[in-house]
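Accompanying notes for the structure given below.
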Amino acid sequence: MLIEKYDLQVLTPPCDPGAERFAAKARLVVDIREVLPYLNATLRGAVYFPDAGAEYSAPALTWKKAGHNVAFHPYEIAVSNAVDRDSAQKELDGLIALVNRTWERHAEITPSFEVRRRPTLMEVYKLLPQTNCKQCGQPTCFTFALKLTASQTRIEDCPPLFESQYADRLAALQAIVIDAPAIE
Ligand code: SF4
């Protein structure tokens, strides 16, 4: 097992003192940087930041999971939006199990060093039908674009996009949008 123990740190986000949601960190005693390309290969919606080669730079991988922003660093895993200490610990336990599982089967996985970027809001919005039909459950296409950009909804939630007249837009969106991750 790669990660056997960690120190839990739960804190109020520095940008939001007094908030009712918390950020949490698992401080690790092992370096997990070698796992990051394997997580990049297997986690939908992950964004990989390779080691830039500068003296103080280090690789990192970010991921959105069911309303949480997750960041994997060489000696740390951070998660946002925890309701309390217990839920923070549960989330981090799940993420550590994910890292351990990925490392245990890394010989079967082709690592990915691909650096993806999230599309901008306007790049996404311009490719939507822009009819504000509300079939997606959102009040406007702009709101849908906001959620799609943040990986909080999926392309499939916009039925009109699958009409033949929007085939080109659909293909373009599928090429740039990082899907909402599956909830584990
Ligand atoms: S279903 Fe598609 S076209 Fe209709 S409002 Fe939502 S994003 Fe716009």
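All ligand and atom numbering here is 1-based and tracks the order in the structure.
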Of all the non-hydrogen atoms in the protein, which one sits nearest to atom 6 (Fe) of ligand 1, and at what distance?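 It is Cys136 SG, 2.3 Å.
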Starting from atom 2 (Fe) of ligand 1, which protein heavy atom do you reach first, and at what distance in Å?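 Nearest protein contact, heavy atoms only, for atom 2 (Fe) of ligand 1 is Cys158 SG, 2.4 Å.
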Could you list the atoms of ligand 1 found under 4.0 angstrom from a heavy atom of [X]?
X	value
Thr131	3 (S)
Asn132	5 (S)
Pro129	3 (S)
Lys134	4 (Fe), 5 (S)
Phe144	7 (S)

Are there over 12 heavy-atom neighbours, none belonging to Gln135, within less than 6.0 Å of that residue's CD?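 Enclosed: over 12 neighbouring heavy atoms sit under 6.0 Å from CD of Gln135.
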Kindly check if the number of other-residue, nucleotide or ligand heavy atoms within 6.0 Å of CE (Met122) is above 12?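 Enclosed.
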Test side chain to side chain contact (heavy atoms under 4.5 Å, CB included) on Leu39 and Ile32; report intermediate values, then the result. CA-CA 11 Å; Leu39 291 169; Ile32 62 167; 5.8 Å; no
Judged by atom type as modelled, is there a donor-acceptor pair below 3.5 Å linking the side chain of [X] to the main-chain atoms of [Y]?
X	Y	answer
Asn100	Ile3	yes
Glu123	Thr120	yes
Gln130	Cys141	no

May I ask you to check whether Cys141 brings an N, O or S atom to under 2.8 Å from atom 2 (Fe) of ligand 1?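 Within the cut-off used here (under 2.8 Å), Cys141 places no N, O or S atom near atom 2 (Fe) of ligand 1.
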Checking only N/O/S atoms, does Cys133 have one that is under 2.8 Å from atom 4 (Fe) of ligand 1?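 Coordinating: yes.
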Of the side chain and backbone of Gln130, name the one, both, or neither that has a heavy atom under 4.0 Å from an atom of ligand 1.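 Under 4.0 Å from ligand 1, Gln130 contributes no heavy atoms.
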Quick one: are Asp157 and Phe144 in side-chain contact, heavy atoms under 4.5 Å?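 A side-chain contact under 4.5 Å exists here.
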